[in-house]
Amino acid sequence: MAPELIDEIHTKKEPDKGLKALKNTEGRKVVMRFAPNPNGPPTIGSSRGMIVNSEYVKMYDGKFVLRFDDTDPDQKRPMLEAYDWYVDDFKWLGVIPDEIYNASDRLPKYYEIAKELIEKGHAYVCFCDGETFKSLKDTKKPCPDRNANVSENLENWEKMLAGKFEEQEAVLRIKTDIEHKDPALRDWGAFRILKIGHPRPEIGDRFCVWPLLDFQGAVDDYLIGTTHIIRGKDLIDSGRRQKYIYDYMGWTYPELLHWGRIKIEEFGKLSTSGIKASIGKGEYTGWDDPRLPTVRAIRRRGIQPEALKKFMIDLGVGETDISISMESLYAENRKFIDPLSNRYFFVWDAVEIEIDGLNPTVAEAPFHPSNTENMRKIKVDSNKVLICNSDYTKFEKGDIVRLKDLCNIEITSVSPFNAKFIDNSLETLKKTKAKIIHWAPTDAITVKIVEPERILEGKGEEGIKNELDKVVQFERYGFCRIDSVSDDEVVAYFTHK
RNA sequence: GCUCCGGUAGUGUAGCUCGGCCAAUCAUUUAGGAUUCUCACUCCUACGACCCGGGUUCAAAUCCCGGCCGGAGCACCA
């Protein structure tokens, strides 16, 4: 076979790395947006949209827009703090949006387009109550208001805007095809009346007519110049509805890509509103409680932005619903933090043991096994050290045990406990194949580790106090992020094994 | 009820557009082993999949039809 053919076979076998190419990107500036409702902080699920959209923009040197779709002050009422939380989590991911918009600032623009659509005869004010309209629609029958003429509709629309109607009394619909075979596309609602007021003080109760997602999103995507949209499969019909507006207005609809639902095995069904209620009841310590699937929570636990990014990019954009495990994210994260994390001894369920013949000394241990030049010093003032109870209870008479980086000892008796110092040579360790355990000095500081389901308290090296906000590895325990430090106590958040 | 998606190893993913380089990629998980003063990291090995049934074809994971399973939409939510 010709060598170039062999080469070709090899290159074709290489798997595609990263995100697949987008369609229709030639000769134009790619504009993409991420459009959350800020009714809570970003979750791991939202981070997929944050990451993939912004990565695509980076890939095509385009423009990235963060748009808060905060037009439901009622059922999914925005939280004022959440706007900043999104910006902050983006920053953590290394993304600075080129533009940021609040849909709630843009109501006049939506009204303008709505008026134009009414004038063109593509929208009407409907006075049916919800159930009436639904039964008409389900039987492909038009509602009585569908035939109103343009001036009647304009008049009623102005009355809506002026607050002349009550909530539920009127709604503006986009006229599509009342006999469309897909009931989801028949004359969908575009604006409704809400007199509750918006949480943003600059908006407050200035408006009483609010757009629904399909209208607001359609108009904004056009005004912002969005070229490509990636969103959940649940919005497939949404795209079809929005195309009616684009056709009526003579606009070109963006390229569409959808992804399926993402379920995280470790977290059950948690809704933003459900979590909010649980936090209110004190069941969680806050939005960064380590039991929650929020970006703030995994940040606090020491997950690195690079790991989350790689993880999400590797998932790609598929329409299949997927079920992922945090274990995969941990595996990704471990690769980032392992080379960077200093090693320390942390002893849980501490037991003090006395070793005959051990003299006060200063043990030296490497901060990282890859570099034995850079050593940490651990002072041992007596012949006593702390070890884990789980190691202690496994001792048998006659065992040779290595206290890592300190010395070898022999267990001469277990009940009562008695041990004697042998030496500190590595040769002895190799010859006897002693079990290696870690330890801590008797004057070690208190270390509290916040695990998802409990707080584990133990003793650790003094030097841990220098690692505030960094991720360390407690040998034979796992990785932790040092969350706070005081004189004699450190609080760490458990990252993963 | 109507409409629309999807189904490759335990999990995720590549391949499906334009059928043959696919006895199916890569990662993770699991099990062995090597290395290591950590039960971490690294390295090696192993296990493991095209939902089912037809059809088209010399040839189907890839195209067509039917079925099964899963998900979504049909809101005055996003």
Side-chain angles (χ1 to χ4, degrees), chain A residues 1 5-6 8-10 12-17 20 35-39 69-72 74-78 103 126 128-130 133-134 137-140 167-173 180-186 188-194 209-210 212-214 216-217 231-238 240-241 258 260-262 265 272-273 310-311 314-316 318-325 327-332 334-335 337-339 341 343 345 365-366 368-370 372 402-406 408 424 426 429-430 434-438 473-479 496-497:
Chain A
M1 195 186 277
L5 283 182
I6 294 170
E8 193 182 329
I9 288 168
H10 281 282
K12 283 209 174 176
K13 282 255 183 182
E14 280 297 305
D16 285 355
K17 290 273 189 266
K20 286 187 223 169
N37 176 358
N39 62 338
D69 283 355
D70 56 349
T71 54
D72 180 11
D74 183 28
Q75 293 184 54
K76 291 188 177 171
R77 191 170 176 83
C126 163
C128 301
D129 62 70
F133 184 81
K134 180 174 165 47
K137 182 207 64 184
D138 284 346
T139 49
K140 301 184 178 180
E167 292 188 12
Q168 312 287 320
E169 204 177 335
V171 46
L172 187 79
R173 290 190 182 283
H180 197 288
K181 66 171 183 170
D182 184 348
L185 304 191
R186 296 172 198 154
W188 49 273
F191 287 85
R192 84 302 207 179
I193 296 165
L194 285 177
V209 174
W210 287 86
L212 274 337
L213 173 77
D214 288 327
Q216 173 262 321
R231 60 186 170 200
K233 232 174 32 169
D234 50 326
L235 296 181
I236 285 182
D237 283 332
S238 196
R240 297 189 178 116
R241 284 191 283 259
H258 298 103
R261 289 227 168 246
I262 177 165
E265 283 162 19
T272 300
S273 48
K310 179 158 193 315
F311 181 73
D314 284 352
L315 290 186
E319 292 199 16
T320 325
D321 294 336
I322 57 173
S323 173
I324 55 166
S325 163
E327 286 303 324
S328 312
L329 178 58
Y330 297 158
E332 210 62 72
R334 196 174 290 118
K335 288 179 189 150
I337 60 177
D338 186 82
S341 303
R343 270 54 174 171
F345 291 149
H368 195 279
S370 67
T372 46
R402 171 70 178 179
L403 297 173
K404 189 170 181 281
D405 301 305
L406 179 65
N408 307 305
N424 60 8
L426 288 177
L429 164 65
K430 284 183 179 137
K435 181 175 161 40
I436 300 164
I437 65 170
H438 67 292
Q473 188 200 48
F474 293 137
E475 294 195 32
R476 302 212 303 147
Y477 171 76
F479 295 93
H496 47 66
K497 288 293 281 178

Could you work out the separation of [N] and [M] based on their [atom1] atoms and round it to a whole Å?
| N | M | atom1 | result |
| --- | --- | --- | --- |
| rG1(B) | rG67(B) | P | 14 Å |
| rG54(B) | rC4(B) | P | 28 Å |
| rU3(B) | rG19(B) | P | 31 Å |

Exercise for review: For Pro339(A) and for Asp129(A), locate the closest nucleotide of RNA chain B by heavy-atom distance; then report the residue assigned to the nucleotide nearer the 5' terminus.
Suggested key: Pro339(A)
Revision key, fill the gap. Where RNA chain B forms runs of at least three Watson-Crick or G-U pairs (i with j, i+1 with j-1, under 3.5 Å), the stems are B:1-7 with B:68-74, B:10-12 with B:26-28, B:30-34 with B:42-46, B:51-55 with B:63-67
Please report the distance, rounded to the nearest Å, between [atom1] in [X] and [atom2] in [N].
| X | N | atom1 | atom2 | result |
| --- | --- | --- | --- | --- |
| Glu332(A) | rU13(B) | CD | P | 14 Å |
| Glu327(A) | rA27(B) | CD | P | 19 Å |
| Asp314(A) | rU13(B) | CG | C1' | 8 Å |
| Lys497(A) | rU30(B) | NZ | P | 12 Å |
| Glu319(A) | rU17(B) | CD | P | 17 Å |
| Gln473(A) | rU36(B) | CD | C1' | 13 Å |
| Ile262(A) | rU13(B) | CD1 | C1' | 13 Å |
| Lys20(A) | rU13(B) | NZ | P | 10 Å |

Revision key, fill the gap. ring-ring contact (aromatic ring centres under 6.0 Å, His included) filter on His258(A), not counting sequence neighbours, yields none
Check your understanding: Does the side chain of Leu329(A) reach to within under 4.5 Å of the side chain of His496(A), using non-hydrogen atoms?
Key -> no
Review point. With side chains defined as the heavy atoms from C-beta onward, is the minimum distance between Trp188(A) and Leu212(A) less than 4.5 Å?
Key: no
Check your understanding: Where the side chain of Lys181(A) is defined as all heavy atoms beyond and including C-beta, which of rU3(B), rC41(B), rC76(B) is the nearest nucleotide?
Key -> rU3(B)
**Study point:** Selection from rU3(B), rU38(B), rC76(B) that lies nearest to any side-chain heavy atom of Ile436(A)
**Key:** rU38(B)
Practice item. Report yes or no: is there a donor-acceptor pair, N or O only, under 3.5 Å between the side chain of Arg343(A) and the base of rA40(B)? Key: yes
**Study point:** Heavy-atom donor-acceptor pair, Lys76(A) side-chain to rC77(B) base, under 3.5 Å
**Key:** yes
Exercise for review: Supply the atom-to-atom distance Lys76(A) NZ to Leu213(A) CG, rounded to the nearest 0.5 angstrom.
Suggested key: 9.0 Å
Just the atom pairs and distances: protein N or O near nucleotides 63-69 of chain B's N or O, under 3.5 Å.
none

Could you tell me whether [X] contacts a base, only the sugar-phosphate backbone, or nothing, with contacts defined as non-hydrogen atoms closer than 4.0 Å?
| X | answer |
| --- | --- |
| Leu213(A) | base |
| Arg77(A) | nothing |
| Asn37(A) | sugar-phosphate |
| Asn39(A) | nothing |
| Phe479(A) | sugar-phosphate |
| Asp69(A) | sugar-phosphate |
| Lys404(A) | base |

Practice item. Apply salt bridge (charged side-chain N to carboxylate O under 4.0 Å, His left out) to the pair Asp237(A) and Arg241(A), showing each step before the final yes or no. Key: CA-CA 6 Å; Asp237(A) 283 332; Arg241(A) 284 191 283 259; 5.3 Å; no
Atom pairs under 3.5 Å, N or O on each side, protein against nucleotides 7-11 of chain B: can you list them with distances?
{"residue": "rU11(B)", "atom": "O3'", "partner": "Ser323(A)", "partner atom": "O", "Å": "3.0"}
{"residue": "rU11(B)", "atom": "O2'", "partner": "Ser323(A)", "partner atom": "O", "Å": "3.1"}

What pairs of nitrogen or oxygen atoms, one from the protein and one from nucleotides 44-49 of chain B, lie under 3.5 Å apart?
none

Shorter than 3.5 Å, N or O on both sides, protein versus nucleotides 70-74 of chain B: list them out with atom names.
{"residue": "rG71(B)", "atom": "O4'", "partner": "Asp321(A)", "partner atom": "OD2", "Å": "3.3"}
{"residue": "rG71(B)", "atom": "O2'", "partner": "Asp321(A)", "partner atom": "OD2", "Å": "2.7"}
{"residue": "rG73(B)", "atom": "O2'", "partner": "Asp237(A)", "partner atom": "OD2", "Å": "2.9"}
{"residue": "rC74(B)", "atom": "O3'", "partner": "Lys137(A)", "partner atom": "NZ", "Å": "2.9"}
{"residue": "rC74(B)", "atom": "O2'", "partner": "Lys137(A)", "partner atom": "NZ", "Å": "2.3"}
{"residue": "rC74(B)", "atom": "O2'", "partner": "Pro183(A)", "partner atom": "O", "Å": "3.2"}

Exercise for review: Without swapping roles, check the side chain of Arg402(A) against the backbone of Lys430(A) for a donor-acceptor pair under 3.5 Å.
Suggested key: no
